[in-house]
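In what follows, a single structure is set out as structure tokens and then discussed.
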Amino acid sequence: MPELPEVEITVRTLKKYIINQKIYDVTIFNGNLRYKIPPNLPKILKSQTINEVKRRSKFILFKTNHNTLLSHLGMTGRYIVKKNSLKLDTSFYNKKNVIKKHNHLLIRFKKFSIIYNDIRKFGFIKIYNNNNISRHLSNLGPEPLSKLFNYKYFEQKIKKRRISIKNILMDQKFVSGLGNIYVNEILYASRINPNTSCFKLKKSQIFRILKFTKLILQSSIKKGGSTILNYHNSEGRTGSYQSEFKVYNRNNDSCLTSGCNKKIIMSIVNGRSQFYCPKCQKL
DNA sequence: CGGGACTCCTGAGGGC
DNA sequence: TGCCCTCAGGAGTCCC
């Protein structure tokens with residue numbers, strides 16, 4: 001489940017291989033994603049050069065002189081880097097020469113290729129002209145690691161809201177890049193119950209959320225993100241931050257705060273599982 | 001406004 | 001070993 005750290009790792013890895021590289025050709029294996037891959041994508045991208053690869057929220061932006069390829073990994077999307085080989089690349093094809101399951105797109109450069117693979121098809125790939133890409137990202141809130149995500153912004157945005165802190169942290173318009181896993185971890189580290197209404201938050205609590213948001217995300221990026229089920233980075237490596245999880249997926253396990261023996265509680269709110277310690281995160 | 005239900009999708013994992 | 005069922009969740013939409 002790629003959230004900000006996993007997308008950041010993906011972008012950093014891709015950069016190493018495709019910056020300033022000319023696109024030789026693009027092949028759509030299977031255009032069925034959340035939105036259909038534009039059929040004219042290969043024609044548009046052919047012979048263009050990737051000038052920049054960057055992350056905004058959980059989106060990946062591949063920039064050329066004219067266009068921006070905008071991609072979201074959804075739940076199971078990933079970009080895989082493969083060295084080009086003269087031989088039929090067996091990682092693209094299975095024994096019967098059929099395109100491997102879940103490979104959707106192939107972008108070939110001189111020495112390397114990147115493949116977009118997505119099991120559950122919740123991700124997408126869109127293409128824009130550079131002059132109109134920004135309005136497609138204009139609804140996004142500030143980056144959680146930026147200085148824009150600060151006390152003044154936070155307090156201003158939430159002071160009259162009755163929405164729970166868990167749900168607003170998941171709202172990409174409020175802050176962009178967090179998902180269910182990291183929000184659970186941030187609230188545990190901050191000692192705040194996920195059901196707390198925003199307007200009830202004290203100043204000190206807001207400061208804790210800001211502090212731990214930045215701390216946890218940075219720490220996860222350092223560890224290569226989290227590997228759950230099938231997340232691997234573009235070089236096939238796994239992250240290790242999942243071993244740092246304090247509450248996520250620890251239903252009925254003991255709280256890890258020293259001196260606290262309470263069991264972690266799981267409940268479903270807004271269709272998402274939330275995990276918290278009833279003692280450390282009192283309402 | 002806020003939360004609930006539903007949608008897309010497939011594989012993992014539990015129960016029997 | 002096997003089948004059936006449920007569940008996971010980002011993000012959008014619709015509804016009350």
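Letters go in sequence order (proteins before strands), and every chain restarts at 1.
- Of the candidate nucleotides B:dG2, C:dG10, B:dG3, C:dG10 has the atom nearest to the side chain of A:Arg34.
- The residue A:Asn270 sits close to a base: some heavy atom pair falls under 4.0 Å.
- Side-chain proximity of A:Gln172 to C:dG9, B:dG3, C:dA11: nearest is C:dA11.
- For A:Ser164, whose side chain is taken as the heavy atoms from C-beta onward, the closest listed nucleotide among C:dG10, B:dG3, B:dG2 is B:dG3.
- Among the protein residues, A:Asn167 comes within range of the sugar-phosphate backbone only, with heavy atoms under 4.0 Å from sugar or phosphate atoms but none that close to a base.
- Distances from the side chain of A:Val269 to the nucleotides B:dG11, C:dA11, B:dG4 place B:dG4 closest.
- Between A:Lys58 and C:dA11, a side-chain N or O to OP1/OP2 separation shorter than 4.0 Å is present.
- Comparing B:dC9, C:dG10, C:dA8 by their nearest atom to the side chain of A:Met266 picks out C:dA8.
- Ring planes of A:Tyr248 and A:Phe275: perpendicular class, angle over 60° (limits at 30 and 60°).
- A cation-pi contact, defined as under 6.0 Å to the ring centre and within 45° of the axis, is absent between A:Arg55 and A:Phe59.
- Counting atom types as modelled, A:Arg272 pairs no side-chain N or O with a base atom of C:dA8 as donor and acceptor under 3.5 Å.
- Note on A:Arg120: every side-chain N or O is 4.0 Å or more away from OP1 and OP2 of C:dG9.
- Remark: side-chain polar atoms of A:Asn84 are paired, donor with acceptor, to backbone N or O of A:Lys110 under 3.5 angstrom.
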